Amino acid sequence: MWAFQSPRTFQLPLLPKQSFQTPLSSKHSSVSLQSSNINQIVQSLCRQGNLKQALQILPNEPNPTQHTYELLILSCSRRKSLSDAITVHRQIVDDGFDQDPFLATKLINMYSDLDSIENARYVFDKTHNKTIFVWNAIIRALALAGQGDEALSLYYWMNQIGVPSDRFTYPYVLKACVTSSLPVSLLRRVQEIHAHIVRHGLESHVHVATTLVDAYAKFGCVSYACRVFDEMPERNVVSWSAMIACYAKNGRSFEALDLFHEMMTRTHDAIPNSVTMVSVLQACASIASLGQGKLMHGYVLRRGLDSILTVINALVSMYAKCGSLKIGRHIFDRMGKRDVVSWNSMISGYGIHGYGEEAIQVFNQMITTGISPNSITFVSVLGACSHVGLVNEGKRLFQSMIQEYRIFPSAEHYACMVDILGRAGHLDEAAKVVEDMRIEPGPTVWGSLLGACRIHCNVELAERACLRLFELEPKNAGNYVLLADIYAEAKMWEEMNKVKKLLEAKGLQKVPGCSWIEIKKKIYAFMSVDELNPQIEQLHALLVQLSAEMKDRGYIPDTKVVLYELDQTEKEQIILGHSEKLAVAFGLINSNYGETIRITKNLRLCEDCHSVTKFISKFANREILVRDVNRFHHFKDGVCSCGDYW
DNA sequence: CCTTCATGTA
């Protein structure tokens, strides 16, 4: 339960009293302007955005009005000037208006806009007559400043002293839950607030319910979010966008797209906007549906949303992730304005397609253009290096990130370095990177070390990584499977069985492999054991035939990923039924000769599928593009673009 | 006075 904390009080953060340096500095000066005129002049100067002059004239007004101060405050927010803000605040205090709750609310919002949360808090603490507006303003300010805990603390305080919260309080109380850093179950907190909302009869309010959807989404509780959304009596674009984003962010892309279609067909009051489209494009990207993505691009053009930066960035990223780097690049080249996200999208696009040098080239162009790289830029460019094995380039970039760009390496950056070194076979160096880390190595770092051990079959190091990983991610079946794979490859059957038993004892299951392919705008998904597909027998027959022909040409099925004690023929049958092979066979039968077969897979490609697909690309003379969890593989003439390095 | 969105790693 939440422990009630008495709110902290802040020291006076205001600047010392300033004296005005203008000849009009005293409000008792003998300027001949009429007082009522001065109020109006100050107000009109504020409306024109001439804050400096307004401030100069203000001291001449013997009776400034609340409205004059309000305009001054709004001016400061707009001009982003903290020093002017403090001057205005000082004047309000001097003139005895500081206990006006209306102005206090405005001051809190002003300081919040100027990222000066201490001053906002000072105003709040000094205001005796704390109206609901004042409370809402400070909770909003704290939540936006990332001080969720403090915001929640005030919310509980206002409940305790009997101030009734309203529909304006809850959106920011919920935001506070998302930014809170307390080690208590945060989902429980959202549920608790949800109960308060119901008690106040606010659950059907559009803004409150929308924030509730978003809060549940942020904690990965799709079903709760969905329930709130379904029960909303009234929904607007924002509500629809929040629910679509909830699906897209939580790996439920098909539901995101379905909901978008429902939004388009069933409602007349909610027209998708740029925010909606960004989430929809993200959903298309994560399932690599080029067909859906193009449809959405068409919609973006028809709605005139194609000049909005976030949308264009989402398009660049979507095309790259759907396998069409060319279209992505084309859009990128035609952008009038590019921000750091645009560049990052392009860099990672090259990275996932295995074009490491090009990714670095784009990175260099970005620097020459004068855009400062951020932390994500380096994750992208380092990721690009690891896909191609650019070890020295990777090391150099990592150093320059720290020394030139003063970006402190995060666990993700270290994970990239471990991946670059480990994948290239420098396992000791990779292990040393982990040892020398100045922050706690998280699951990502250990995970990439384990991945490298899998490739190079290093049992000892893998065990070390798993020791930490099983602790950090007890429910991630993938780690157990990787370790079992490594034992299997090292022919350590006893140990392998132990890991398998451990996995079973924990009630965890291997994530089933799934591949899908889009034919004529329809998506067909395959699982390894798939009797639902009407063509399944035809697919199996084709694969058996292909397998036989391949064996004549020297193909030896690689069955080491099969962790069951079966004879060789049975193992071969299992791997021949891998979802990716089914999808390839389906593509061969159901698409036209000359068309590229595009397949997406939810896991990393297994080695056997990789060599079979290489063979098929030559044998059937077809280009096959496969996106696995990490990257693209472009198969052509019996060769893969990854150069068997993946 | 309030609500939705973009880039990356394993």
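Owing to the predicted nature of the structure, the values given are computational and were not obtained by experimental measurement. Reckoned from all heavy atoms, side chains included, excluding hydrogens, waters and symmetry mates.
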Using a 4.0 Å heavy-atom cut-off, does A:Ser345 contact any base of the nucleic acid, only the sugar-phosphate backbone, or nothing at all?
sugar-phosphate

A:Ser241 and side chain to side chain contact (heavy atoms under 4.5 Å, CB included): which partner among A:Val278, A:Asn273, A:Val280, A:Val213?
A:Asn273

Side chain A:Arg338, main chain A:Asp333, donor-acceptor under 3.5 Å
yes

Within the 4.0 Å heavy-atom criterion, would you say A:Asp339 contacts the bases, only the backbone, or no part of the nucleic acid?
base

Hey, does A:Asp214 reach any base, or is it just sugar-phosphate, or nothing, if we go heavy atoms under 4.0 Å?
sugar-phosphate

Would you classify A:Asn236 as touching base, sugar-phosphate or nothing, given that sugar-phosphate means primed atoms plus P, OP1 and OP2, and contacts are heavy atoms under 4.0 Å?
base

Scan A:Lys106 against the nucleic acid and name what it touches under 4.0 Å (heavy atoms): base, sugar-phosphate only, or nothing.
nothing

Are A:Trp240 and A:Phe260 an aromatic pair, judged by ring center distance below 6.0 Å?
no

Report which part of the nucleic acid A:Tyr172 touches: base, sugar-phosphate, or nothing (heavy-atom distance under 4.0 Å, all strands).
sugar-phosphate

Chain A on DNA chain B: first and last contacting nucleotide, 5' to 3', under 4.0 Å to a heavy atom?
B:dC1 to B:dA10

Using a heavy-atom cut-off of 4.0 Å across all strands, would you classify A:Arg631 as base, sugar-phosphate, or nothing?
nothing

Checking all strands, does A:Ala137 fall into the base, sugar-phosphate, or nothing category for heavy-atom contacts under 4.0 angstrom?
nothing

Taking the ring centre of each residue, are A:Phe332 and A:Trp343 less than 6.0 Å apart?
yes

Determine, for A:Glu358 against A:Arg329, whether the closest basic-nitrogen to carboxylate-oxygen distance falls under 4.0 angstrom.
no

Lys/Arg N to Asp/Glu carboxylate O, A:Glu429 vs A:Lys432, below 4.0 Å:
no

